Each structure stands twice: as C-alpha cells, then as structure tokens.
Amino acid sequence: MDSISTLDQAISQAPAAVAAVASLEDLALLESSLLGKNSPVGEVRRGMGKLDPPDRPKVGAKLNEAKETITALLTSRRAELEDEDEGRRLLEESIDVTLESVTFPKGSLHLIQQTIDEAVDIFVGLGYRVASGPEAELAWYNFDALNTPLTHPSRLESDTMYLDWGDPDDEVLLRTHTSPVQARWMEGNDPPVYIVVPGRTYRTDTVDATHLPVFHQIEGLAVDTDIKFGDLKGTLLHFAREFFGPQSTVRMRPHFFPFTEPSAELDVSCFACDGGEPGCRVCGGSGWVELLGCGMVDPNVLEAVGYDPAQLTGFAFGVGVERLAMVRHGINTVKHFIDNDVRFLEQF
Ligand code: DAH
C-alpha cells in the first residue's frame, strides 16, 4: 500500500477508533497507536526521506492532514472525557446535605415536672421567689418549728418515715410536707417573704389510686407587715384562674393545721361540668374540687423562727402536685405517674 492510501486509511478509521475510547488512559494509548513512532502515520513520516523527491510534497501534505485531523479528533474526545470524568467525580464525592441524620425519639418533661413548672411560674409572675430545702429533714423543722405538738399523730412512725428516731432533739426524717422550708427560709432571711417551694415529700402510705409514699407538693409562704386573709384568698383565686381557667371560682372551708390559724381548705369550682352535673368525672357532682390546705401563719411559727408576730402577719398554703395534675387532666389513679408507661407519658 502506498503512503497516501496508508494515510487515507488512517484518517478514515480514526473517528470510530477515537469515539470508541471510554477513558483518558485508553485515549493516551490510542494516541500513540494512531500517531506514535510505530503507527502507520509514524512509519510514513519516517519513510519520507526515501520517497522520490517529486512525491514528497503530496505525501507531506497528506501527512499533515492526517496528523491534524487525528489530533483534532483526539483533542475533542479528550475534552469530552475530561468533562465526563469531572461529572462522575462530583457525583461520587458529593455529600447529600439533605440526607436525614440519625435521630432519637424526643422525650418530654414528666407531667409532674410540667405541673410544677406551670404552677411555680404563676407565683413567680406575682413576684414570688423559688426556695428549696432538704428532703432528709430534722423533726424540728418538719414538726416543732411548725407548732406541731409532740403528741400529734402525724409524728408516729405509722405516718412518717424516720431515718434517725428516738432522741427528740436529733430526729431525722423524710419530710412529710414542704412546710419545713417555711421555717428554714424565715430563719435565714429577713421579711418580707414571698416564696414558693416545690419539692418531693414522703409518707408511709401504701400505693393506691390516691396515695403514693413519695409525692410532690408546692408550698407557698407570704409574710409581710400587713397581710390579711383576703390576700390569701385573692392570691389563690388568681392561681386557680391561671391554672384551671378564667371562669374558676374558689371557696374556703374551715380546717385545722398546727401551723396556721385560722386554717382552711380551698376548693376550686369544677371546670369540667360547670357545677353540679350528677356523676361528673372531676367533681362527682358537687361542683367543687378539693385542692389544697392553707391559712394565716400561726404567731407561734413566726416566733419560733425569730420573727416578731406583733409586726408581721402572713399566709401559707400547701398543694399536692399529683392532685393538681389529676384534677386538671382527669387522671383517675396516681399510679400512672410512677408506672413509666410511655402510652401515658407521651400524652402530655
Ligand atoms: N403541709 C400541709 C399538708 O401536707 C399542707 C398545708 C396546709 C401547707 C396549710 C400549708 C398550710 O402551708 O398553711 O397537708
């Protein structure tokens, strides 16, 4: 085959060969087999010297044509392959930032804590401070400072869990109410006093629908120079309306607590039946729901902590947190709070 035919053939076969190459590495190999020293084109180039001089310009021109055509094919295919390569790398190395990350189921605060937070917030809104005290408490703060006589039945071991019992001056117990923080706070702080005390309390009760041996209370105490019974009622009415709804009313029934005189129990109007619906699930038909104990701080308590009862008066109240939550949500057994059943917990 003469040189011209060899070059024509190289030119005509190149497009298919170039198009068939699928990678940059293969393209480099193809380039040397099309244009390299040992390629047909390379052989024609090497043989130029041996051609008859009159043939040289024609073969030279064809040689250039072959080189340029093939080079152009290779260049454009190289650009294509480089684009593809980059596209593939981008795809392979890309991170999908929209991909969902591993998530854990979201928990929530226990209803008891939610109830404490909400109730405490209402009093904080009135200017009260939040106080706390120890759960393992001296009998002095739990009973004596609160005007509770030595003979009071709540001191019995059948009611109170003692950690250290026997010597009346040094008895340690699990506090049966949050009221001891009244005495602790007044001992350490000058009046005026406006505090709420959320916390855990203990009694030797067996678990049933309305009792737990470990439960929660919120204590309230206000002591100032001119506090009257009306302030107590107004404060608790405000609390009831904030917590149970603006239609709420309250009533007070005489009661007895050692640390308040007079003492009362506070009922809130039933928010479920609007009063007196027979068999109402919340009030049972009476129209009233028993809520908490309260009263005017007994002068003996003020004296026990070194306050002057001639100058100061005050009111106090103590409310059960479980009770608040049960009334508000129509929960019929206190056991739900400790069962840790997510079907219950996730409703709040
Ligand atoms: N400590 C009482 C109890 O656990 C509740 C109580 C009643 C607290 C009257 C008070 C109060 O501060 O004034 O039953």
Side-chain angles (χ1 to χ4, degrees), residues 106-137 141-142 146 161 174-186 189 193-203 205 207 209-222 232 235-246 248 250 257 259 265-268 271 282 289-295 315-342 344-348:
K106 228 201 217 150
S108 61
L109 291 177
H110 193 281
L111 178 57
I112 291 299
Q113 188 60 49
Q114 290 183 37
T115 307
I116 288 174
D117 291 347
E118 197 177 328
V120 163
D121 270 357
I122 294 169
F123 288 99
V124 167
L126 293 173
Y128 282 63
R129 293 177 63 179
V130 182
S132 64
E135 290 172 25
E137 182 56 284
Y141 289 106
N142 198 80
L146 297 176
M161 288 186 237
L174 292 177
R175 67 179 179 191
T176 59
H177 48 182
T178 42
S179 306
V181 186
Q182 289 189 25
R184 283 190 175 270
W185 179 273
M186 287 191 283
N189 297 273
V193 174
Y194 292 92
I195 55 164
V196 278
V197 186
R200 204 173 289 136
T201 47
Y202 302 81
R203 286 181 200 174
D205 281 322
V207 177
T210 51
H211 295 87
L212 292 177
V214 184
F215 57 106
H216 299 78
Q217 291 190 336
I218 301 171
E219 193 78 13
L221 176 67
L232 169 61
T235 301
L236 294 178
L237 176 61
H238 172 77
F239 169 73
R241 289 187 170 163
E242 290 287 309
F243 194 82
F244 291 108
S248 300
V250 294
F257 297 103
F259 30 89
E265 281 208 318
L266 182 97
D267 297 342
V268 62
F271 62 90
V282 174
V289 182
E290 201 178 305
L291 208 59
L292 56 83
C294 59
F315 65 72
F317 58 89
V319 56
V321 178
E322 281 78 2
R323 172 126 192 99
L324 275 182
M326 286 170 81
V327 169
R328 162 106 155 247
H329 298 286
I331 297 165
N332 57 13
T333 169
V334 74
K335 287 189 241 179
H336 284 315
F337 293 122
I338 57 167
D339 278 346
N340 266 346
D341 185 333
V342 280
F344 171 78
L345 296 173
E346 69 191 2
Q347 292 179 48
F348 307 101

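Predicted model, so just to flag it, every value in this text is computed and none were measured.
No side-chain heavy atom of L212 sits under 4.5 Å from any side-chain heavy atom of D205. Using a 4.5 Å heavy-atom cutoff, the side chains of D339 and F344 are not in contact. Residues L111 and I331 have side chains in contact (heavy-atom distance under 4.5 Å, counting atoms from C-beta outward). Side-chain contact between S132 and V181 is absent, with no heavy-atom pair separated by less than 4.5 Å. Put simply, the side chain of F337 does not reach to within 4.5 Å of the side chain of V214, judged on heavy atoms. Taking the side chain as every heavy atom from C-beta outward, L266 and F317 never approach each other to under 4.5 Å. With a 4.5 Å cut-off on side-chain heavy atoms, E118 and D121 do not count as touching. The shortest distance between side-chain heavy atoms of F239 and L126 does not fall below 4.5 Å.
In terms of modelled atom types and a separation under 3.5 Å, the side chain of H110 and the main chain of I112 share a donor-acceptor contact. A donor-acceptor pair under 3.5 Å links the side-chain atoms of H177 to the main chain of N142, judged by distance alone.
Scanning all heavy atoms of the two residues, the minimum distance from S248 to R241 falls at O-NE, 2.8 Å. When all heavy atoms of A316 and Q182 are compared, the closest pair comes out as CB-NE2, 3.4 Å. Scanning all heavy atoms of the two residues, the minimum distance from D117 to L109 falls at OD2-CD1, 3.7 Å. P180 approaches L146 most closely through the heavy-atom pair N-CD1, 3.8 Å. Heavy atoms only, all atoms of each residue included: S108 and F348 are closest at OG-O, 3.5 Å. Annotation for L174 and A136: closest pair CD2-CA, 4.3 Å, computed over non-hydrogen atoms.
Summarising the geometry, atom CE belonging to M161 is positioned 10.0 Å from atom OG1 belonging to T176; distances are rounded to the nearest 0.5 Å. Here CD1 of I218 is found 8.5 Å from OG1 of T178. Values are rounded to the nearest 0.5 Å. With values rounded to the nearest 0.5 angstrom, L232 atom CG is found 4.5 Å from C294 atom SG. Atom CZ of F243 sits about 4.5 Å away from atom CG of L324, to the nearest 0.5 Å. Between atom CD of residue E242 and atom CZ of residue F123 there is a gap of 10.0 Å, rounded to the nearest 0.5 Å.
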**OP:** List the steps and the verdict of side-chain contact (heavy atoms from CB on, under 4.5 Å) for R323 and F215.
**Re:** CA-CA 10 Å; R323 172 126 192 99; F215 57 106; over 6 Å; no
**OP:** Begin with the C-alpha distance, continue with both residues' side-chain angles, and end with the deciding distance and a verdict on side-chain contact (heavy atoms from CB on, under 4.5 Å) for I195 and E219.
**Re:** CA-CA 8 Å; I195 55 164; E219 193 78 13; over 6 Å; no
**OP:** Assess whether side-chain contact (heavy atoms from CB on, under 4.5 Å) is satisfied between R328 and F244, documenting all intermediate values.
**Re:** CA-CA 7 Å; R328 162 106 155 247; F244 291 108; 4.0 Å; yes
Subject >> Candidate pair T115 and H216, rule side-chain contact (heavy atoms from CB on, under 4.5 Å), full reasoning >> reply: CA-CA 10 Å; T115 307; H216 299 78; over 6 Å; no
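For the side chain to side chain donor-acceptor pair (under 3.5 Å) test, residues two or more places apart in sequence or in another chain that qualify with D341 are R343. Every residue meeting the side chain to side chain donor-acceptor pair (under 3.5 Å) condition with R184, not counting sequence neighbours, appears here in chain and number order: E137.
For the pair R175 and Y141, the cation-pi criterion (under 6.0 Å, within 45° of the ring axis) is not fulfilled.
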